Enquirer: 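Here it is, the structure in full.
What you see is a predicted model; the values in this text were computed from it and never measured. In what follows, chains are A, B, ... by sequence order, proteins preceding strands, each numbered from 1. We use all heavy atoms of the structure for the numbers below, so side chains are in, but hydrogens, waters and symmetry mates are not.
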2 protein chains.
Amino acid sequence: MASPTEENYLKALFNLANSQGEITLSELASRLEVSLPTANSMVKSLQKSNWLNYEKYKPLTLTPEGRRLAASIIRKHRLTEMFLVDVMKFGWEEVHEVAEQIEHIHAPKFFDRMDEMLGHPAADPHGSPIPDIEGKLEQQSYVPLSSVLPGQKVQLLALSNSSAEFLEFLNSRGLSLGLTLTVISTERFDQSMVIGYLEHPSETLSGKVCERLLVCVQTAAAKIT
Amino acid sequence: MASPTEENYLKALFNLANSQGEITLSELASRLEVSLPTANSMVKSLQKSNWLNYEKYKPLTLTPEGRRLAASIIRKHRLTEMFLVDVMKFGWEEVHEVAEQIEHIHAPKFFDRMDEMLGHPAADPHGSPIPDIEGKLEQQSYVPLSSVLPGQKVQLLALSNSSAEFLEFLNSRGLSLGLTLTVISTERFDQSMVIGYLEHPSETLSGKVCERLLVCVQTAAAKIT
DNA sequence: TTATAAAGTTAGAATAATCTAACAAATTTG
DNA sequence: CAAATTTGTTAGATTATTCTAACTTTATAA
Ligand SMILES: [Mn+2]
Ligand SMILES: [Mn+2]
Ligand SMILES: [Mn+2]
Ligand SMILES: [Mn+2]
């Protein structure tokens, strides 16, 4: 039985593996905001539980059991966020912190019921995929809006950053997942883009923002409903 | 900031104070299923946080802050149980264990939203009163069914024991809160009673069961709807 | 290829929550 | 009341999670 602390380490390891590939101790430590010795000793104890492969000075890798456990925590996190937004009517910018706690609740039926009530959603409110019960995570093939050429129509489907500040910024511009965006023009100087959608015929978005908006170019993509 | 462990101690102290009056260390220890030295050392640490008055060999009393904090945890527990039953459609016999965990979530808005969605319920699914945000707990004036005389009509409003086994027994007899029960007869020998309600014109309930069913004699009592 | 820097490890300590064994105080009982 | 029992306390140990300080290994760079 993993403690909440161990579960947070496993989640961090899983996410780092999925983005960086190689996991170093210092990445893990800085991700979790703990000292290197703290991460080092936890890494040894995760190894003892057979969730992690560890050899002195070598990169870290999760075992299959570690990966499965991590995915199950991430599943609980994302189902919770979806439940908070869809059922309890929270804003997408206020659910992460609560989910960070609720993901550690041990009650499979509780999360299965959320899943049912939500109709087995494929993604959380920020577009991140929800692992299935087996722990398998659908690989998304979205591209950042910043890579889209003028004239193209795309669908906004996910975010590569979901900080509350960024989400509040998107709220202020009426941007939400599922929207169809038309790229009107791109500014070579600062990578800003002019985008049209709904009642916003020409909204200027900075390069920073466009990098974080993940879109699908094919118009017939799976719709968020 | 209280840890989940501390919160469980405070809850136990609050509940013991409300039923026994005087709280002894051994009651606390046995309620929480920890050893006496464990309870003793936690009691000292709760005192250090100003939640408990403690003097060697004297009975334990919560401070006003301790009482307030305990009530807020109990509020979260009972709101959660109500939410699980009313919104998520769990049976009243399967919610306690989950609530025991969720009560430790720090997210006032999460529980406020539950409260709203439920329409500010006064009691949990087992009829126990939900403390208000101030930490005040409505005193109930129910009597056990075992004290009701034959011929009387009463309304079943709460339970003095809510173990899953007892709740499953009640399910098996079609008994639920809000029902109007008619006491048909009482058996002096073993305190069993014959009760009528709904499609059950004469159901025999043991003395043990009747002691645990809390009822209101006045017919015009607040209804559970 | 040595010197510096970065990354990782070990040692030692602190706090929280728990235990058993031993002892002390308070209460009950004959 | 004195003996026996129950209740409460202390001492000392264990495990989990964290830290700082000191040291070692690996990587980078002149
Ligand atoms: Mn999140
Ligand atoms: Mn977490
Ligand atoms: Mn309960
Ligand atoms: Mn609890």
Enquirer: Roughly how many Å is it from CD in B:Q47 to P in D:dT9, rounded to a whole number?
Expert: 11 Å
Enquirer: For the pair made of CG in B:L46 and P in C:dA16, what is the distance, rounded to whole Å?
Expert: 11 Å
Enquirer: Grab the CD-C1' distance between A:E6 and D:dT17 for me, whole Å please.
Expert: 10 Å
Enquirer: Take the protein atom NE2 of B:H104 and the nucleotide atom C1' of C:dA17, then report the distance between them rounded to whole Å.
Expert: 14 Å
Enquirer: Whether A:S3 contacts D:dT17 is assessed here as follows: a side-chain N or O lying under 4.0 Å from the phosphate OP1 or OP2. Is that the case?
Expert: yes
Enquirer: In whole angstrom, give the distance that lies between atom CD of A:E33 and atom P of D:dT17.
Expert: 18 Å
Enquirer: How many Å lie between CG on B:L28 and P on D:dT7, as a whole number?
Expert: 14 Å
Enquirer: Are B:E100 and B:K11 close enough for a salt bridge, meaning some N to O gap below 4.0 Å?
Expert: yes
Enquirer: For the residue pair B:L213 and B:L156, what are the closest heavy atoms and their distance?
Expert: CB-CD1, 3.8 Å
Enquirer: Looking at A:F90, does the NZ or CZ of B:R113 lie under 6.0 angstrom from its six-membered ring centre and within 45 degrees of the ring axis?
Expert: yes
Enquirer: Using the C1' atoms of five pairs at each end, what's the angle between the two axes of the helix from C:dT1-D:dA30 to C:dG30-D:dC1, to 10 degrees?
Expert: 0°
Enquirer: Show the nearest heavy-atom pair for residues B:I102 and B:F111, with the distance to one decimal.
Expert: O-CZ, 3.4 Å
Enquirer: Could you state the atom-to-atom distance from CE of B:M42 to P of C:dC19 in whole Å?
Expert: 11 Å
Enquirer: Rounded to whole angstrom units, what separation is found between the CG atom of B:L32 and the C1' atom of C:dA17?
Expert: 12 Å
Enquirer: Any Lys/Arg nitrogen of A:D132 or A:R75 sitting under 4.0 Å from an Asp/Glu carboxylate oxygen of the other?
Expert: no
Enquirer: When rounded to the nearest 0.5 angstrom, what is the spacing between CG in A:L170 and NE2 in A:H126?
Expert: 10.0 Å
Enquirer: With rounding to the nearest 0.5 Å, note down the distance linking CG in A:D124 to CE in A:M82.
Expert: 7.5 Å
Enquirer: Measure up the B:F83 and A:F83 rings against each other and bin them: parallel (under 30°), tilted (30 to 60°), perpendicular (over 60°).
Expert: perpendicular
Enquirer: For a quick check, with a 4.0 angstrom heavy-atom cut-off, what is the B/S/- contact string for nucleotides 1-12 of chain C, read 5' to 3'?
Expert: ------SBBB--
Enquirer: Return no unless some side-chain N or O of B:S35 is found under 4.0 Å from OP1 or OP2 of C:dC19.
Expert: yes
Enquirer: If you measure from CG on A:N18 to CG on A:L137, what distance do you get to the nearest 0.5 Å?
Expert: 6.5 Å
Enquirer: For B:T5, which contact category applies under a 4.0 Å heavy-atom criterion: base, sugar-phosphate, or nothing?
Expert: sugar-phosphate
